[in-house]
Amino acid sequence: QVQLVESGGGLAQTGSSLRLSCAASRSISNVYDMGWYRQAPGKQRELVARGITDTRTTYADSVKGRFTFSRDYARNTIYLQMDNLKPEDTAVYYCKIRRGPFDVDYWGQGTQVTVSS
């Protein structure tokens, strides 16, 4: 079992930056899959960024060049650096970890990001 706690959300102006953190209760080393998702009101939850293996990272087209996914194994934490924020980025952001292909998904409670227009 893994507990995930997101933090770092808040209110931001268009063009500014925020850094989201997701602290895990257990080691994130050798985790099968980990990533950030977001969900805006009335919309489907979408994948924003994910890390597969220790080095591979992918991003949604809508955030490429603006968001950066990173890991800190010593602190059991993953991050999402969000630069050049846009109003379209407004959503609740969730982190997720899957420990193996036959394991369940572990989700955080989410952190609200609001970007003013």
Side-chain angles (χ1 to χ4, degrees):
Q1 186 175 352
V2 181
Q3 297 288 334
L4 304 175
V5 180
E6 301 98 337
S7 62
L11 178 64
Q13 292 184 323
T14 297
S16 66
S17 299
L18 287 173
R19 189 192 191 196
L20 305 184
S21 300
C22 175
S25 61
R26 295 187 177 184
S27 174
I28 60 172
S29 299
N30 304 121
V31 167
Y32 177 73
D33 189 21
M34 63 185 76
W36 288 94
Y37 296 73
R38 68 186 181 187
Q39 186 168 23
K43 296 183 178 180
Q44 297 274 23
R45 184 175 298 182
E46 64 173 341
L47 175 66
V48 177
R50 72 189 301 183
I52 306 172
T53 73
D54 289 339
T55 58
R56 182 184 172 190
T57 304
T58 61
Y59 299 92
D61 289 340
S62 59
V63 306
K64 285 181 179 178
R66 300 190 298 118
F67 291 9
T68 304
F69 176 92
S70 62
R71 315 163 177 85
D72 188 333
Y73 293 117
R75 293 180 171 83
N76 297 332
T77 302
I78 63 173
Y79 302 94
L80 185 68
Q81 177 67 42
M82 306 186 295
D83 296 322
N84 192 23
L85 285 164
K86 303 177 179 180
E88 304 90 87
D89 297 320
T90 296
V92 177
Y93 285 71
Y94 303 88
C95 63
K96 188 213 77 176
I97 288 178
R98 190 175 181 90
R99 302 179 71 184
F102 303 102
D103 200 3
V104 299
D105 292 329
Y106 297 94
W107 291 90
Q109 290 298 112
T111 184
Q112 176 71 48
V113 172
T114 302
V115 184
S116 63
S117 60

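Residue numbers run from 1 in the order of the sequence given.
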[Y] side chain reached by [X] side chain, heavy atoms, under 4.5 Å:
| X | Y | result |
| --- | --- | --- |
| Arg38 | Thr90 | no |
| Tyr59 | Thr68 | yes |
| Arg66 | Met82 | no |
| Val48 | Phe67 | yes |
| Ser25 | Val2 | yes |

Quick check on the hydrophobic clustering: are [X] and [Y] connected, directly or via other members, by side-chain heavy-atom contacts under 4.5 Å?
| X | Y | result |
| --- | --- | --- |
| Leu18 | Trp36 | yes |
| Met34 | Trp107 | no |
| Ile97 | Tyr37 | no |
| Tyr79 | Leu85 | no |
| Val31 | Val104 | yes |

Measuring from atom [atom1] of [X] to atom [atom2] of [Y], what distance do you get when rounded to the nearest 0.5 angstrom?
| X | Y | atom1 | atom2 | result |
| --- | --- | --- | --- | --- |
| Arg71 | Cys22 | CZ | SG | 12.5 Å |
| Gln109 | Tyr94 | CD | OH | 8.0 Å |
| Leu20 | Gln81 | CG | CD | 8.5 Å |
| Phe69 | Ile78 | CZ | CD1 | 4.5 Å |
| Ser7 | Tyr93 | OG | OH | 15.0 Å |
| Leu4 | Lys96 | CG | NZ | 10.5 Å |

With a 6.0 Å cut-off (strictly less than), is the heavy-atom count around [atom1] of [X], excluding the residue itself, greater than 12?
| X | atom1 | result |
| --- | --- | --- |
| Gln13 | CD | no |
| Arg75 | CZ | no |
| Tyr73 | OH | yes |

* Asked: Thinking salt bridges, do Lys86 and Asp89 make one under a 4.0 Å N-O criterion?
  -> no
Can you see which heavy atom on [X] is nearest to which on [Y], and at what distance?
| X | Y | answer |
| --- | --- | --- |
| Gly110 | Val92 | CA-CG1, 3.9 Å |
| Asn76 | Ser27 | OD1-CA, 3.3 Å |
| Arg26 | Arg99 | NH1-NH1, 3.4 Å |
| Ala40 | Ala91 | N-CB, 3.8 Å |
| Pro87 | Ser116 | CG-O, 4.0 Å |
| Arg98 | Pro101 | NH2-O, 3.2 Å |

